[in-house]
Number of protein chains: 4
Amino acid sequence: MQARSPTYDRILEAASAHFAERGYDGSSLTHIASAVGIRKPSLYAHFANKNALYMEVFKQALQQECAMVARCFDEEGGVATPGAGYADSLIARHASNEPLHFLLRTSYTPPAELRVAIDEGHERYLDLLHDTFCAKLRACVQAANLDDAAISQYGQAYVGIIDSLQVKLVYTDREQAAARWAVMQRLLADALEHATSKE
Amino acid sequence: MQARSPTYDRILEAASAHFAERGYDGSSLTHIASAVGIRKPSLYAHFANKNALYMEVFKQALQQECAMVARCFDEEGGVATPGAGYADSLIARHASNEPLHFLLRTSYTPPAELRVAIDEGHERYLDLLHDTFCAKLRACVQAANLDDAAISQYGQAYVGIIDSLQVKLVYTDREQAAARWAVMQRLLADALEHATSKE
Amino acid sequence: MQARSPTYDRILEAASAHFAERGYDGSSLTHIASAVGIRKPSLYAHFANKNALYMEVFKQALQQECAMVARCFDEEGGVATPGAGYADSLIARHASNEPLHFLLRTSYTPPAELRVAIDEGHERYLDLLHDTFCAKLRACVQAANLDDAAISQYGQAYVGIIDSLQVKLVYTDREQAAARWAVMQRLLADALEHATSKE
Amino acid sequence: MQARSPTYDRILEAASAHFAERGYDGSSLTHIASAVGIRKPSLYAHFANKNALYMEVFKQALQQECAMVARCFDEEGGVATPGAGYADSLIARHASNEPLHFLLRTSYTPPAELRVAIDEGHERYLDLLHDTFCAKLRACVQAANLDDAAISQYGQAYVGIIDSLQVKLVYTDREQAAARWAVMQRLLADALEHATSKE
DNA sequence: TATGAATGAGTTTTCATTCAT
DNA sequence: TATGAATGAAAACTCATTCAT
């Protein structure tokens with residue numbers, strides 16, 4: 001019921017695409033199965049039920065995105081703004097990345113019965129984002145004259161910017177998202193520069 | 001099929017609540033009718049079908065919100081940051097305002113078959129927001145030393161901030177949204193102050 | 001409920017067309033009303049219910065067709081074959097004559113609940129056809145050397161031919177029906193000639 | 001969805017009976033399923049939808065009847081009139097043969113949406129009838145002094161007679177149909193005798 | 001004479017799920 | 001691991017009919 005198999009993975013893929021595109025209620029197991037090339041009851045050899053399938057898709061998408069957060073912040077060098085690497089990554093991946101698309105959609109509008117579990121996961125992701133950004137900021141700032149409260153505030157701002165970026169990605173295209181990021185990044189960079197150069 | 005009637009309005013109300021809470025696919029006409037206190041087929045005396053009902057709810061919610069944008073910007077006095085009135089209004093209204101809740105939800109995750117119409121309406125709303133903010137900014141800035149391009153960029157930033165605010169409203173609560181607005185507003189205010197005081 | 005009025009007649013017309021095209025079960029009062037330009041409940045100001053409307057359409061179509069039988073046989077001069085006038089009339093009228101079309105259809109496949117009444121009416125029509133043909137044959141035959149049994153048999157043949165003609169009219173076009181009539185008329189004429197010239 | 005199974009066949013049988021008796025619009029899947037002894041949704045494991053079920057019933061009835069045409073003409077010995085075997089078979093089978101009953105009904109009054117496909121199938125049947133009769137006539141005539149045009153005309157007459165026979169079967173009973181056949185057969189036989197003995 | 005509103009009964013169809021194989 | 005068959009529940013929608021106006 002749980003072990004990895006080629007079919008198992010193909011189901012996750014197809015489900016991710018369907019759930020991302022049409023949501024929980026708008027996706028039917030028939031269509032998902034048909035996209036995989038199997039019949040509907042065969043899904044039950046891999047997943048207990050629709051909820052379990054949905055939650056597994058969510059779990060994997062969340063893990064993948066959290067790993068991506070860690071990696072992007074790790075790999076970004078001495079960029080102008082902390083977190084720029086991950087923002088760029090979001091924009092770059094969105095079009096072809098169903099799990100990410102799914103993650104954004106279900107975080108905004110989780111199916112009522114799964115809301116608690118999903119909210120909890122989503123919050124973990126946001127906390128990770130916030131904490132990672134703060135750590136980076138704390139590390140990279142020339143003059144570390146910002147206290148923890150201030151740093152956390154910038155962390156909240158960064159998370160807000162990422163949210164606004166994801167929204168733009170969800171309902172329009174990459175270009176507009178890139179434009180928004182440029183604008184928002186400027187806001188953040190200005191504020192940081194202003195704050196750190198104050199004294 | 002078109003004229004206002006008490007029942008008509010009550011259907012719109014109930015539908016708005018259901019669609020906001022459970023989305024298009026998760027809402028059933030049976031439940032909506034039952035919330036109104038009529039039987040399912042009676043809905044069809046007022047609306048051609050589920051799509052038409054959904055779109056009417058959307059249309060009214062959109063009109064109402066656009067009117068609210070105009071009103072909030074009109075009524076805000078010499079506030080610190082242009083657009084603060086509308087942001088506050090969003091936060092204040094969200095919990096008890098089903099049409100607004102519905103509007104945000106459907107704009108981010110429209111039912112696949114209605115996506116085009118809804119995207120178009122949502123874009124009108126965002127454009128209005130952008131343009132209204134820019135007009136206000138242009139009017140209220142002490143030294144009008146900002147060119148059109150710069151003003152438009154701040155407009156885009158404001159729209160992004162509103163988006164991030166709405167996201168927070170959609171998936172958490174008013175308090176966190178208020179906190180986010182405080183942070184983001186500071187970003188925007190700093191940037192504006194910095195820009196206008198430059199010369 | 002019964003008196004003639006412009007609307008009453010227009011309802012009959014529209015109903016005739018719908019019933020002829022789609023049958024009893026396939027026709028809806030909504031569509032009929034809409035074809036008339038009124039709302040569905042308004043139909044009930046003119047007819048007690050769907051059955052009554054159907055039966056009234058049937059009654060008028062039957063009356064009209066019976067009158068046509070009488071007229072065609074009256075007006076046909078010393079044609080080659082008795083009954084040729086009516087056969088020609090059938091072919092000529094079919095395309096633009098909804099009541100006739102309706103009559104044929106409902107006679108073959110009456111709605112189960114109305115079967116008895118319709119069968120009875122249809123039989124009246126066939127009897128009229130048979131008797132009128134026989135009278136004509138009896139009158140017009142040069143040598144009246146055919147006994148009643150023989151004449152009745154030709155009457156049955158004529159009715160059979162009319163049936164086959166109507167079938168052709170119902171499911172194909174006027175041209176093919178005309179061709180069939182030419183062939184069948186020859187059969188009948190030959191037989192008559194053969195029989196009357198025997199002695 | 002395609003392969004034969006006991007249930008599949010029982011559905012076809014029940015559907016054939018219902019469609020024959022009440023037509024497309026007058027038959028409901030609920031009743032058909034209940035006649036089979038299964039629940040309504042189970043039908044969809046065997047047929048895509050009502051149309052597909054109807055067309056499958058039609059297809060099988062048509063095939064069966066075409067095979068019957070071939071067989072009857074094959075097996076008829078040196079009967080008085082070519083085609084007598086098939087006419088007798090029609091009369092004999094009608095009461096107890098649902099597919100035949102269905103075939104006649106739907107050919108005369110096909111559901112509006114399926115008219116094209118059904119007309120096409122019905123025409124194939126009529127063509128087969130015509131051609132088979134002509135072949136038989138050509139083979140069995142003592143003096144083959146009839147040209148092709150004449151033979152085809154007798155073919156058309158035969159098809160017309162079969163039509164009139166089927167009409168009689170559809171809306172009255174076997175006895176009257178037998179009587180009509182006796183009369184029409186005489187017409188045809190006389191004409192043939194007359195034509196072939198001419199020279 | 002006409003209609004807006006309402007409705008019980010019914011339609012076809014889809015759904016997630018189960019189970020024997 | 002996969003599936004054909006089956007099903008209860010529920011979906012959206014249509015229907016003929018009623019009734020107050």
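All chains are named by letter (A, B, ...) in the order of the sequence lines, taking the proteins before the strands, and each is independently numbered beginning at 1. For the numbers below, each heavy atom of this structure counts, side chains included, while hydrogens, waters and symmetry mates do not.
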Rounded distance in Å - [atom1] ([X]) to [atom2] ([N]):
X        : N      : atom1 : atom2 : answer
D:Ile32  : E:dT12 : CD1   : C1'   : 12 Å
B:Arg10  : E:dA6  : CZ    : C1'   : 12 Å
B:Leu53  : F:dA11 : CG    : C1'   : 15 Å
D:Tyr44  : E:dT17 : OH    : P     : 21 Å
D:Glu113 : E:dT12 : CD    : C1'   : 11 Å
B:His46  : F:dC13 : NE2   : P     : 16 Å
B:Leu43  : E:dG8  : CG    : P     : 13 Å
A:Asn51  : E:dC15 : CG    : P     : 16 Å

Below 4.0 angstrom from OP1 or OP2 of [N], is there any side-chain N or O of [X]?
X       : N      : result
D:Thr30 : E:dT11 : yes
D:Ser42 : F:dT7  : yes
B:His31 : F:dA10 : no
C:Ser5  : E:dT1  : no
C:Ser28 : F:dT14 : no

(message) Checking base pairs now: Watson-Crick or wobble, both atom distances under 3.5 Å. What partners F:dT18?
(response) E:dA5
(request) Report yes if the side chains of B:Leu53 and B:Phe19 come closer than 4.5 Å at any heavy-atom pair, otherwise no. (result)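 Answer yes - side chains close enough.
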Which nucleotide in the set [options] lies at the smallest distance from any side-chain heavy atom of [X]?
X       : options               : answer
A:Arg39 : F:dG4, F:dT7, E:dT3   : F:dG4
C:Lys50 : F:dA16, E:dA6, F:dA5  : F:dA16
D:Ile38 : E:dT18, F:dC19, F:dA6 : F:dA6

(request) Before giving the answer on salt bridge (charged side-chain N to carboxylate O under 4.0 Å, His left out), spell out for A:Lys59 and A:Glu56 the whole-Å C-alpha distance, their side-chain angles and the decisive distance to 0.1 Å. (result) CA-CA 5 Å; A:Lys59 199 178 110 194; A:Glu56 185 61 26; 3.8 Å; yes
(message) Please report the interatomic distance CZ(B:Phe58) to CG(B:Asn51), rounded to the nearest 0.5 Å.
(response)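 So the CZ of B:Phe58 and the CG of B:Asn51 are separated by 13.5 Å.
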(request) Using the six-membered ring wherever Trp is involved, compare the ring planes of B:Tyr8 and B:Phe47 and label them parallel, tilted or perpendicular (cut-offs 30° and 60°). (result)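 Ring orientation, 0 to 90° scale: parallel.
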(request) For this output row, return yes or no: ring centroids of A:Tyr54 and A:Phe102 closer than 6.0 angstrom. (result)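 Between A:Phe102 and A:Tyr54, which both carry aromatic rings, the centre distance is below 6.0 Å.
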(request) Hey, which sits more toward the 5' end of DNA chain F by its nearest nucleotide, C:Ser27 or D:Thr7? (result)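 The answer here is D:Thr7.
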(message) Here's a test of your reading of the structure: between C:Lys40 and B:Asn49, which maps to the more 5' nucleotide of DNA chain F?
(response) B:Asn49
